[in-house]
Amino acid sequence: MPYNYVPILKAKEGELIALRHLSPQTKSNLTPLIELQPRETPELLKRTITQIRRGWIPTLPLLIDVDRSYLMNSTVSATDNLRNLLTELSEQDFKVIPVSGLRRPARFNSVVSDTVGENDNGICIRLQSLDWQDVSSLENSLRNYVQGISLQLSQVDLVFDYEPFFSSHLGTIITSAITTINSIGSIRQYRNVIIAATAFPSQSIAQPYTIYRFPRPEFQAWTTLVSNPNIQRRPVFGDYTTVHPVLPDIDYAMGIKVAPKVKYATDSEWLCLRWDASDYANFHRVCNTLVALPEFSGAAYSWGDGRIAQCGTTGANTGNPREWVSISVNHHLTLVATQCASRPSGRGN
């Protein structure tokens, strides 16, 4: 099952709504890696599972992980919820693939091992920078892990997760990726090899009433890698869409208002448009401004673009901060899945 694009999504309502509203064609061109978030009650976990079920096609692969902070701070709760999520989706014949790593807690690895033993979907190993600091030992570490769960390398996806990085570090990321991939002599035996990263800012740096443009260097890194003749395995592209991996801690109960905004991907950059936080109705103005730009893909391009056009031209309901996330992520997923599928080297080999 060669992947085309692997977006990393938080299992939050905004992202899962964006996933649900993708066209079947777009869904077939991506493989989401969904990070389970803290769920304090069985009812909240059930709601998340229902949203995932509604948002995805059972026959397509679905990578399931746990948010790192959640796992570190609440290991028992995180692993128990992960087990319940994997079990319920598997029982409903979803093609779930658990995500693990070389430094996960034993309790977590036990859940992953049980899931791997109950289906033939394999596993995804998500690597982070600490894992490849010593590239000379990386291949043996991976082989030992895979042998420990009785799998073949051909049943394993590898994600090299560079997480957030500064645009100025683009060259370092490219060099590191080539060196690390080439250090694994068996790299071609793995099912898929994915490079994931994001340079999306943690907080909006756009001033109100402006259009702020900034590049997508993670996509530039990937296109450089897949066109490099010296790399031993062309990776699949992965990113964090328009949501930073580390979200700010906002207590909406304190009356904090979020400025209406859209984060809109184009072929080579992002556009960020925002108004002031005085009134959610200002989302009309944000959308109206975007619709008038030449970069706007048109109302028919995706569900997200359709909502932008509705809000900008017909005075439709402006939604709320959660839906603004859904709109931006849905457009982003559609665009990037199309970009990756249209490149001859889009699917990893």
Visitor: Answer yes or no: is there a donor N or O on one side and an acceptor on the other, between the side chain of Asn330 and the main chain of Trp303, under 3.5 Å?
Guide: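 At least one qualifying donor-acceptor pair exists.
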
Visitor: Could you measure the distance from the CD1 atom of Ile308 to the OG1 atom of Thr289? Nearest 0.5 Å is fine.
Guide: 11.5 Å

Visitor: Quick check: Trp270 with Tyr264 (ring centres under 6.0 Å apart)?
Guide: no

Visitor: Give me the ring orientation class for Phe214 and Tyr212: parallel if the planes are under 30° apart, tilted from 30 to 60°, perpendicular past 60°.
Guide: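 Ring orientation, 0 to 90° scale: tilted.
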
Visitor: Any side-chain to backbone donor/acceptor pair from Thr79 onto Val76? Under 3.5 Å, distance only.
Guide: yes

Visitor: For residues Ser176 and Tyr162, is any side-chain donor paired with an opposing acceptor at under 3.5 Å?
Guide: yes

Visitor: Test of understanding: clusters of I, L, V, M, F, W, Y form through side-chain heavy atoms closer than 4.5 Å, transitively. Do Leu293 and Trp324 belong to the same one?
Guide: yes

Visitor: How far apart are the C-alpha atoms of Phe94 and Asn121, what are their side-chain angles, what is the distance that settles it, and do they pass the side-chain contact (heavy atoms from CB on, under 4.5 Å) test?
Guide: CA-CA 10 Å; Phe94 276 77; Asn121 298 330; over 6 Å; no

Visitor: Carefully, step by step, assess Glu139 and Ser186 under the rule side-chain hydrogen bond (donor to acceptor under 3.5 Å, both in side chains).
Guide: CA-CA 8 Å; Glu139 181 164 23; Ser186 55; 2.8 Å; yes

Visitor: With a 4.5 Å heavy-atom cut-off, do Thr31 and Leu62 have their side chains touching?
Guide: no

Visitor: Would you find a donor on one side and an acceptor on the other, under 3.5 Å apart, between the side chain of Thr26 and the backbone of Leu22?
Guide: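 Side chain of Thr26 to backbone of Leu22, a donor-acceptor pair under 3.5 Å: no, none is there.
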
Visitor: Taking atom types as modelled and ignoring hydrogens, do the side chains of Tyr240 and Asp161 form a donor-acceptor contact shorter than 3.5 angstrom?
Guide: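 The answer is yes; a qualifying pair exists.
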
Visitor: Say whether, by atom type as modelled, one donor and one acceptor occur between the side chain of Trp56 and the main chain of Leu60 under 3.5 angstrom.
Guide: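 Confirmed, Trp56 side chain pairs with Leu60 backbone.
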
Visitor: Using distance alone, with no hydrogens and no angle criterion, decide if Arg107 and Thr75 have a side-chain donor and acceptor under 3.5 Å apart.
Guide: no

Visitor: Short question: side chain of Glu218, backbone of Ala199 - any donor-acceptor pair under 3.5 Å?
Guide: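 Pair found, side chain donor or acceptor close to backbone of Ala199.
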
Visitor: Taking atom CD of Glu295 as the centre, report whether more than 12 heavy atoms of other residues, nucleotides or ligands fall under 6.0 Å from it.
Guide: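 Counting other residues, nucleotides and ligands, CD of Glu295 exceeds 12 neighbours.
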
Visitor: Could you tell me which non-hydrogen atom of Phe160 sits nearest to which non-hydrogen atom of Val193, and how far apart they are?
Guide: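 Smallest heavy-atom distance, with atoms named: CE1-CG1, 3.7 Å.
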
Visitor: Looking at Ile178 and Asn228, what are the two nearest heavy atoms and their distance?
Guide: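 In terms of heavy atoms, the two residues are closest at CD1-ND2, 3.3 Å.
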
Visitor: Between Cys124 and Val159, is a side-chain contact (heavy atoms from CB on, under 4.5 Å) present by the stated rule, with each step listed?
Guide: CA-CA 7 Å; Cys124 174; Val159 175; 3.5 Å; yes

Visitor: When you compare the side chains of Tyr3 and Asp157, does any donor N or O come within less than 3.5 Å of an acceptor on the partner?
Guide: yes

Visitor: Which pair of heavy atoms, one from Ala265 and one from His331, lies closest together, and at what distance?
Guide: O-NE2, 2.7 Å

Visitor: For residues Val6 and Leu30, determine if any side-chain heavy atom of one lies less than 4.5 Å from a side-chain heavy atom of the other.
Guide: no

Visitor: Got a second to check how far Phe200's CZ is from Ser167's OG, nearest 0.5 Å?
Guide: 11.5 Å

Visitor: Nearest 0.5 Å please: distance from the OG atom of Ser110 over to the CZ atom of Arg83.
Guide: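 Going from the OG atom of Ser110 to the CZ atom of Arg83 covers 5.5 Å.
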
Visitor: State whether Arg53 and Glu88 are salt-bridged, where the test is any N-O pair (Lys NZ or Arg NE/NH1/NH2 against Asp/Glu carboxylate O) under 4.0 Å.
Guide: no

Visitor: Is any NZ, NE, NH1 or NH2 atom of the basic residue among Glu35 and Arg126 found under 4.0 Å from an Asp or Glu carboxylate oxygen of the other?
Guide: yes

Visitor: Do Asn81 and Tyr70 make a side-chain contact, defined as non-hydrogen atoms from C-beta onward lying under 4.5 Å apart?
Guide: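 In short, these two side chains touch, coming nearer than 4.5 Å.
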
Visitor: Atom CG of Leu33 and atom CG of Asp239: how far apart are they, to the nearest 0.5 Å?
Guide: 11.5 Å

Visitor: Looking at every heavy atom in both Leu82 and Leu36, which two are closest together, and how far apart are they?
Guide: N-CD2, 3.8 Å

Visitor: Determine yes or no for a side-chain-to-main-chain donor-acceptor pair under 3.5 angstrom, with Arg233 supplying the side chain and Ile187 the backbone.
Guide: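 At least one qualifying donor-acceptor pair exists.
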
Visitor: Please determine, by modelled atom types, if Asn140 and Tyr145 share a side-chain donor-acceptor pair under 3.5 angstrom.
Guide: no

Visitor: How close do Tyr5 and Cys340 get, heavy atom to heavy atom, and via which atoms?
Guide: CB-SG, 4.1 Å

Visitor: Can you tell me how far the CD1 atom of Ile125 sits from the CG atom of Leu158, to the nearest 0.5 Å?
Guide: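 Separation between the atoms: 6.0 Å.
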
Visitor: Are Ile52 and Ile57 connected into the same hydrophobic cluster when the rule is that any two of I, L, V, M, F, W, Y join if their side-chain heavy atoms are below 4.5 Å apart?
Guide: yes

Visitor: Is a side-chain donor-acceptor pair under 3.5 Å present for Thr175 with Thr172?
Guide: no

Visitor: Determine whether a donor-acceptor pair (N or O, by modelled atom type, separation under 3.5 Å) exists between the side chain of Ser137 and the backbone of Asp134.
Guide: yes

Visitor: Do Arg307 and Gln310 have side-chain N/O donor and acceptor atoms under 3.5 Å apart?
Guide: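 Arg307 vs Gln310: donor-acceptor pair found between side chains.
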
Visitor: Which of these passes side chain to side chain contact (heavy atoms under 4.5 Å, CB included) with Leu142: Ile184, Leu153, Asp131, Val156?
Guide: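 When Ile184, Leu153, Asp131, Val156 are each tested with Leu142, the side chain to side chain contact (heavy atoms under 4.5 Å, CB included) holds only for Ile184.
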
Visitor: Should Leu290 and Tyr301 be counted in the same cluster of Ile, Leu, Val, Met, Phe, Trp and Tyr side chains packed under 4.5 Å apart?
Guide: no

Visitor: For salt bridge (Lys or Arg N to Asp or Glu O under 4.0 Å), just list the numbers for Asp120 and Lys95, CA-CA rounded to whole Å, side-chain angles, deciding distance to a tenth of an Å, and then say yes or no.
Guide: CA-CA 9 Å; Asp120 60 355; Lys95 198 175 183 66; 5.5 Å; no

Visitor: Is a donor on one side and an acceptor on the other found under 3.5 Å between the side chain of Asn182 and the backbone of Gln232?
Guide: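 Answer holds: yes.
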
Visitor: Would Leu44 and Leu71 show up in the same hydrophobic cluster when neighbours are defined by side-chain heavy atoms closer than 4.5 Å?
Guide: no

Visitor: So, Lys12 and Asp67, do they make that salt bridge, N to O below 4.0 Å?
Guide: no

Visitor: Are Ile195 and Phe237 packed together at the side-chain level, in the sense that at least one heavy-atom pair is separated by less than 4.5 angstrom?
Guide: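 Side-chain contact under 4.5 Å: no.
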
Visitor: Is there a side-chain contact between Val146 and Ile123, using heavy atoms and a 4.5 Å cut-off?
Guide: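 Answer no - side chains too far apart.
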
Visitor: Any salt bridge linking Asp267 with Arg216? Criterion: basic side-chain nitrogen under 4.0 Å from a carboxylate oxygen.
Guide: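 Judged by the 4.0 Å cut-off on N to carboxylate O distance, Asp267 and Arg216 do not form a salt bridge.
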
Visitor: State, yes or no, whether a side-chain contact exists between Val243 and Ile8 at a heavy-atom distance under 4.5 Å.
Guide: no

Visitor: Under 4.0 Å between a side-chain nitrogen and a carboxylate oxygen: does that hold for Lys10 and Glu15?
Guide: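 Glu15 and Lys10: not salt-bridged.
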
Visitor: So, taking the atom named CG in Leu335 and the one named NE2 in His332, what distance separates them when rounded to the nearest 0.5 Å?
Guide: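 One finds 7.0 Å between CG of Leu335 and NE2 of His332.
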
Visitor: Any idea which heavy atoms bring Trp222 and Val236 closest together, and the distance?
Guide: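 That would be NE1-C, 3.6 Å.
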
Visitor: Considering only heavy atoms from C-beta outward, does the side chain of Glu13 approach that of Leu16 to under 4.5 Å?
Guide: no

Visitor: Please report the C-alpha distance between Ser100 and Asn109 in whole Å, then the side-chain angles of each, then the deciding distance to 0.1 Å, and finally whether the side-chain hydrogen bond (donor to acceptor under 3.5 Å, both in side chains) criterion is met.
Guide: CA-CA 7 Å; Ser100 189; Asn109 286 331; 3.0 Å; yes

Visitor: Side chains of Ile64 and Pro98: closer than 4.5 Å at any heavy-atom pair?
Guide: no

Visitor: Spell out, as yes or no, whether a donor-acceptor pair under 3.5 Å connects the side chain of Arg103 to the backbone of Leu130.
Guide: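 Checking the backbone N and O of Leu130 against the side chain of Arg103, a donor-acceptor pair under 3.5 Å is found.
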
Visitor: Would you say Thr87's side chain and Asn84's backbone share a donor-acceptor pair under 3.5 angstrom?
Guide: no

Visitor: Regarding Asn144 and Ser141, do their side chains bring together a donor and an acceptor under 3.5 Å, going by distance alone?
Guide: no

